[in-house]
Every structure is written in structure tokens, then in C-alpha cells.
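This report concerns only the one structure given below.
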Amino acid sequence: MTKASRAILGKSILTIIMLSLSVITVMPFLWMLSTSFKLDADVFSFPIQWIPPKVTFQNYRDVWFGEIPFYHFYINSVKVTVISIAGVIATSLMAGYAFAKIQFDGKNVLFLFYLATLMFPDQTLLVPRFIFYKYLDIYNTHWALILPGMISAFGTFLMRQFFMTLPGELSESARIDGAGHFKIFFHIALPLVKPAIVSFLIFSFVWSWNDYENPLIFLSDTERFTIPLGLLTFQDENRTSYTLIMAASVCSLLPIFIIFLAGQKYFVRGIAMTGIKG
Amino acid sequence: MQPNPIIGTELPRKARSGKGIFRRENLDGWLFLSVSLIGYILFRFIPIIFSFVLSFSEWNLVSGLRGIRFTGLENFIEQWSDTWFLHSLVNTFYFSVVSVPISIALSLLAAVIVNESIYFKGFVRLLLYSPHISSMVAISIVWAVLYSPSYGPINMFLQSLGISHPPGWISSSAWAMPSLIIMSIWQSVGYNMVIMLAGLQGIPRDYYEAAEVDGAGVLQRFRSITIPLMSPTLFFVMITSVIGSFQIFAQVNILTKGGPGTSTSVLVYYIYNVAFNYNRLGYANSISWVLFVMIFALTLWQWRQQKKWVHLQ
């Protein structure tokens, strides 16, 4: 065998190994997708019927227009996610710029505080936040998810790292021409950190859309639930229908997969960057 | 002129020390930071302080703020005779010690293979990555069904292979924790792989070529080139995985509720249970702080250890 054909053979074998691994990985999703088109009676038939014997769209119809207000959960999720993402990007950009490019008193101490709270697990703060929101009177409102979601020590840190990489000469000439930080920020710095913004946007979207703990603790009315909590209401009823839950789960994952596919390059770059720089 | 590496500012020294500009810089700095800072103080700083104070108290919500009774170190002493707390502590370590090394080994293997150039690279990466971006709730619901002991697809499959008594998975106290671990490995491999791929791509190809010329085999190249040059990335993955593994909650709350018995109760789940089911907010906070101190100490310890094995270029 020539060296070239040996290389092709090796590459093919590795491809087969990795493809089998990936197929095993997505099997639960395939099962979810296939079950969402099944009749209740066919859910547990064995061997697994990956293509349902009788394909039905009734589950999707029931999910969207049935007794459980899935439609509301969706709107709630979109609302909470969009507003908090817009907020968290704005605050992280502004704060990141301040920490990277503005020389003001107290900066280093403040930055240290931000960094220190990165170490603090969110979950250990569930109790004090619960109490605090009750007193702020935002418990059981979407504000309890949106407002805290608008700031992120991680985002601030990420944006600061990006602004730091911008060469000083760019803004120097603008400063000599008398431009203030606001002008420099909007006209020079922002366009240059677009990739960072996109990758942080995807990060925040995934996080906010999938968030389970905050809604679990800070929301009590079913109409206000976001999708993750909403999904579980399909299970609470006496008549747990796996076909319905799976159809709802598919609907809940769809936006994430679309966003991820659209921004894959940025996302992977973002992970790689945060991964390397720690 | 070099930008200051710490401050990162590009202003010339003269301009920076000028009083007028200095004041302007201050104003701009605080303006840019203001909204973030208000949010930070309200939703991060105050809760941390509040949590610390409450951890030395006995309090339930019904009694209102006046009902707080400070009990000193009592909560922290009580923990050591609290079976649920002790079991949750052990389970948290169990989960971490088993899931983190397996996940890192698998993802390193996957990253090395994918880096060796395979066909459909992007597609494979996408599929392996998909569990990580999916919501834990949707994932838990699917796995709950897959794991059902009598009619679940996994056990049906095992039975068809001739295993007459397959494990009871989440309904058995011996298998419940391994079930959660399998699920979490499934979820984290793709994510860790992507980070490691980035690390691998930073290793110059010539190193491998030179080693090959010298007659080094695949394993030897892996041991003396890949591992040392990847060590900063491995270190990062290890730290974040350990921190993450200490914080599992959703899968426990949805799949097992800490059971059967205490077999899958972990610290975050127990904190949630104590606070919102037993209504003992002070005690819950004291456990939160134990968790925080543990994560902090472990991270610090790993940081110290890194000198021994992390190779910085």
C-alpha cells in the first residue's frame, strides 16, 4: 500500500469511529424527535421504531393550542431572553471599556471585586436573592429574571479582554483631535469588537433561554413561567404524555440549535478564546 | 509608547497627570461603569453580604425580618451531625471525582482524533457539541424515560443483548449516581473537546514531524509533546469542570429528588431543599458558605498544583 492510500485508510477509520461516537451522542435527541411524532401507544415498542409506524402532528397541535399554555411560556422566554441579553451586552461593553481603556480612580480595586465574585457560585446566592427580591417586590415578576440577568462579571471580564487587545494608537489620534470617550467608544471601539459581541450574545442566549434555577425559585405563577419550567408542567398532570413532552422539548430546543448553527464560528472562537486565556 | 499592560490606557503620561483631563477621565470612567455597578451592588454584592450574615442565624420567612435569631456558629456545628448534609457532601465529591476525570479523558481522546483530520469534521463537532447547548430540563426529561427500569429503551436494549437483570438506573440507590454521572459525561464531552481542540491547534506541527523523524511512536509523541504543550488548556478544563461538578442541581431536582434515600442528594440540592421545603433559610445559607469555601479551596489547591505539571511556554 502506498503512503497516500494508507493515510486515506487511516483517515476513514478515524472518521468512522468519530461518526459512531457522534451518533451515540445524538441518539437521545433522535429518540425525542421521533417520539414527538408518535401515537402514545407506540412510544415504548421495542425494538425502537426510529421512524414512527404512524406519523402524527397532533402532538405539536396539542402542545401549542392545548390546555397547557405553552404559547405563553414561549412568549415569556422570548421576552426575558431578549431584554436581558440587550441589557447584559450593553452593561458588559460599557464596563469592559471602562476597565480596559479609561484611567479612573478606584478602577483596580473595583475590578478585583468583579473578579472575586466570578468565584462565587450563583447557586449559593439563591436564598438571599429570594429574600431580597421579596423585599424589592419583584418576586414572581419577570423583572426578577431580567434585572439580575443584565449584569455579568464574566461578560465584563470578556469584553475588557477584547478592548485590551485594541491598539492604543487608534484612539490616541482621536483623543488628540479632542474626541471624548463616548465618541471613541461608539465610533472606533465598538465596530472593532463585533466578533466578541456576537460570541457573547450567543453565550448569553443559550444561558438565558435554558435557565432553570432562577425561574424555579423566583416565579410562582404558571402563566409567568419560561420554557424550562413550562416543560415540567406537562409532567405534573396525572396523565403524563411522553409524546406531548417530547414535542414540547423539540420546540424548546429549536431556537437554540438555529442560533448555534448561525453563529457557530463565533461561538467556537469565543469558547476557544475564553478557554485559552482562562 | 507602550500601553500600560495593567491599566491598558493609551494616554501619554503628561496628559494623564494633567489635572483637568484627570478629572474628566474619572467622570467618564464612573459614567461608563455606573449601570453595571448599580446592578453589581444590588444583585451580587448585597446578596453575598446578606448571605454571610444569615449563615449565623436561624430564620424562616414567615417571621419577617424581625424574626431573625442570631445563633453564632450553631449552624456550622449542627452540620456535622446532620446525616443529609454529610451524605450530600460525600455525594458531591463522588460525582466530581468520577465524572471529571472520565469526561476529560474522553474529550481529550476525541479532540486528538478530530485534530488528526477526519472527514466531516464540522459535522462531528456539531453533533458532539449539541448536548451542551440543550436545556438541562429537556435533557433530563428524555433521560428519565430512557432510564426507566422496566420499559425504558436502554434496559430493553440490554435485555435484548441477553442481560436478564439490567440495572435499575435512577430507581436504584446503587445506580442512581452513576446514572447522573453518565448523563453529565454525555453532556460535557463535546464542550471540553472544543476547548481542547483550540489548545491542540496551538501546537506547531513541526514538533510532531521532528519526533517522527527521531522514531517516536504515537503514544510517545502524545506523552512528550501533546500533554505538556496542552497542559495549560487541560488545567483550565479541569478547574472549570470541578467547579461545575460541585454545582449540579437541575438534573438531581428533576430526575431523582436526591433519592432513592440520600443516594443522589448533592450540596446544592440540599441547600434548595433546606431553604424552600424546610424553610430554614439561615441553615441553608450556612451550607452555601461551606460549598463556597470548598470550591475556593479546591481551586486554590489546583492552582498551586499547576506548577508541578502545567508547562508554560
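Chain letters run A, B, ... following the sequence lines, proteins first and then strands; every chain starts at 1. Excluded from the calculations below are hydrogen atoms, water molecules and symmetry mates; all remaining heavy atoms, backbone and side chain alike, are included.
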Kindly state whether the ring of B:Phe50 and the ring of A:Phe132 have centres lying under 6.0 angstrom apart.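 Aromatic pair excluded; centres sit 6.0 Å or further apart.
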
Using heavy-atom distances under 4.5 Å, tell me whether [X] contacts chain B through its side chain, its backbone, both, or neither.
| X | value |
| --- | --- |
| A:Phe130 | side chain |
| A:Ile217 | side chain |
| A:Thr35 | neither |
| A:Leu14 | both |
| A:Phe185 | side chain |
| A:Leu229 | neither |
| A:Leu147 | both |
| A:Thr117 | both |
| A:Ile13 | neither |
| A:Phe163 | neither |
| A:Ile8 | both |

Pick from A:Leu110, A:Leu93, A:Ile151: which one makes a side-chain contact (heavy atoms from CB on, under 4.5 Å) with B:Ser36?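 Only one option passes, and that is A:Ile151.
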
Please determine which of B:Asp28, B:Leu27, B:Asn26, B:Leu31 meets the side-chain contact (heavy atoms from CB on, under 4.5 Å) test together with A:Phe104.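 For A:Phe104, the side-chain contact (heavy atoms from CB on, under 4.5 Å) check succeeds only for B:Asn26.
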
Reported CE-to-NZ distance for the pair A:Met18 and B:Lys121, which is rounded to 0.5 angstrom: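 Output value for this atom pair is 11.0 Å.
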
Might you point out which heavy atoms bring B:Ser135 and A:Asn210 nearest each other, and give the distance in Å?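 Minimum heavy-atom contact is CB-OD1, 3.1 Å.
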
Most chain B-contacting option - heavy-atom pairs closer than 4.5 Å, from A:Ala95, A:Gly106, A:Ala90, A:Ser249: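 Of the candidates given, the most pairs with chain B belong to A:Ala95.
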
